[in-house]
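As a basis for the values below, the full set of heavy atoms in this structure was taken, side chains included, without hydrogen atoms, waters or symmetry mates.
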Amino acid sequence: MTRSLNDVQADVLVLGALGRLARHGLLDRPAPVADSVAAACQRLLIAAGLLAPDPVRPTESLAAVLPPGVPLGTLGGYVTATLRLATELSTGATTWSPDEPEVIRFFGQVSGVAVTRVLAQLLTDVPGFPDRLDRPGAAFLDIGAGAAGISIELCRRHPGLAAVGLDINPLAVRVARDAVTNAGLDDRIEVREQSVTDVDENDAYDLIWVPQPFLPPAVLAAALPRLHRSARPGAILVMGLAAAPGDAVPGAAADVEYLLLGGGGMAPADATDLLTGAGFVDVRAVTRFPAPLMVARRAGQD
């Protein structure tokens, strides 16, 4: 279906209305009578199919944006992230990194819940896991930690687990350290302002998470041999891949987003070559989740 520029402009205003209502807690209750702008925003989201009326509440399509348990208010961060990404794209930027605490916290809350649930399901198929994460001295390495959402959620699931989160964004490191403190996990989670290419531990981690869409190809290629050395014998590395773009607008838009985030797209076959070249074994692609994952193991027994 052909869309006009007016349609696209309306979509931008829908996004802005969503952010405004999310920040004021008005996605699941009527706007105050005196707030005519909020009331108009609710009418706009109802027309767009994102809110249902009588009573006002998110439709299934809007609710599906967030993993279960993530508050509706975090959609304000989702809107800010999308608009910042679009602005950077329009001004000619070739990469973008979250530069507002709200956006970093949004990514942290969503990834913390979503990735941890995926890991919990995934590791049930891996011999020795997830029990290995409950052994004394078990350790997790979180690459591109952001707000440390994954480390926090994993440590909550596994009370004896320790975690190290790495990020090169100084603001993200500050936000993550605050989140760790607020979660009462300062004694179990360390957040470092450090590149993955500077990892120098040997035989240190039982589980490593690598978000490929956020890592430039050259950085990923340089980091994987270091991550192999940092893994304990029998440890598992899980790499999240950018989903293959589709022909429709959402798929093409995701392709642009992945490029601006730094990593771009990567096919499972290419990821397999990188992982095996770095020394990992039993490399396989898992495609039953919304985005493909690579699972690899360091040889040996711990």
Closest heavy-atom pair, G19 versus V79, reported as atoms and distance to 0.1 Å, is N-CG2, 3.5 Å
Over all heavy atoms of both residues, which pair between L166 and S195 is shortest? Give the atoms and the distance, please. CD1-O, 4.4 Å
Mind running side chain to side chain contact (heavy atoms under 4.5 Å, CB included) on D11 and R3 for me, showing each step along the way? CA-CA 11 Å; D11 288 342; R3 305 181 74 244; 2.4 Å; yes
Inter-residue atom distance L133.CG - R135.CZ, 0.5 Å rounding: 9.5 Å
side-chain contact (heavy atoms from CB on, under 4.5 Å) partner of S230, chosen from D203, D200, V196, V199: V199
Under a 3.5 Å distance rule, please check whether Q212 uses its side chain to pair with a backbone N or O of G264 as donor and acceptor. yes
Rounded distance [0.5 Å steps], OG in S97 versus CG in L85: 11.0 Å
Are any side-chain N or O atoms of D273 and backbone N or O atoms of D270, one a donor and one an acceptor, separated by less than 3.5 Å? no
Where the side chain of D142 meets the backbone of A148, is there a donor-acceptor pair that is under 3.5 Å apart? no
Between Q121 and F289, does a side chain to side chain contact (heavy atoms under 4.5 Å, CB included) hold up when you go through it step by step? CA-CA 10 Å; Q121 296 176 51; F289 300 107; 3.6 Å; yes
Side chain to side chain contact (heavy atoms under 4.5 Å, CB included), that's the test. Do V56 and R29 meet it? Break it down for me. CA-CA 5 Å; V56 172; R29 63 184 178 89; 5.9 Å; no
Checking side-chain contact (heavy atoms from CB on, under 4.5 Å) against M239, which of V295, L220, L293, L227 comes through? L220
From CZ (F214) to OG (S111), nearest 0.5 Å: 8.0 Å
Between the side chains of D125 and R284, is the shortest nitrogen-to-carboxylate-oxygen separation below 4.0 Å, so that they form an ion pair? no
How long is the span from the CD atom in E257 to the OG1 atom in T82, to the nearest 0.5 Å? 7.0 Å
Answer with yes or no whether the hydrophobic clustering places W209 together with L241; edges join I, L, V, M, F, W, Y residues whose side-chain heavy atoms lie under 4.5 Å apart. no
I'd like to know if the side chain of E102 pairs up with that of T80 as donor and acceptor (distance under 3.5 Å, no hydrogens or angles considered). yes
Measure from the side-chain N and O atoms of R177 to the backbone N and O of V191, and report whether any donor-acceptor pair falls under 3.5 Å. yes
d(R174 CZ, N169 CG) to nearest 0.5 Å is 8.0 Å
D198/R192 under salt bridge (Lys or Arg N to Asp or Glu O under 4.0 Å): CA gap, chis, key distance, verdict: CA-CA 11 Å; D198 293 329; R192 303 175 187 166; over 6 Å; no
Counting only N and O atoms by type, is there a donor-acceptor contact under 3.5 Å from the side chain of R20 to the main-chain atoms of C41? no
Distance col, row Y78:OH vs L15:CG, nearest 0.5 angstrom, shows 6.5 Å
Got a donor-acceptor contact below 3.5 angstrom from the R298 side chain to the A231 backbone? yes
Shortest non-hydrogen contact between A31 and D35, atoms and distance: CB-O, 4.5 Å
Between L27 and L18, is the side chain to side chain contact (heavy atoms under 4.5 Å, CB included) condition met? List the steps. CA-CA 8 Å; L27 293 174; L18 175 62; 3.9 Å; yes
Quick one: does R132's side chain have a donor or acceptor within less than 3.5 Å of a partner on A138's backbone? no
Are more than 12 heavy atoms, taken from residues, nucleotides or ligands other than L83, located less than 6.0 Å from that residue's CG atom? yes
Spell out, as yes or no, whether a donor-acceptor pair under 3.5 Å connects the side chain of R232 to the backbone of D206. no
Evaluate whether atom CZ of F129 has more than 12 neighbouring non-hydrogen atoms of other residues, nucleotides or ligands under 6.0 angstrom away. yes
Is there a donor-acceptor pair closer than 3.5 Å between any side-chain N or O of Q42 and the backbone N or O of L26? yes
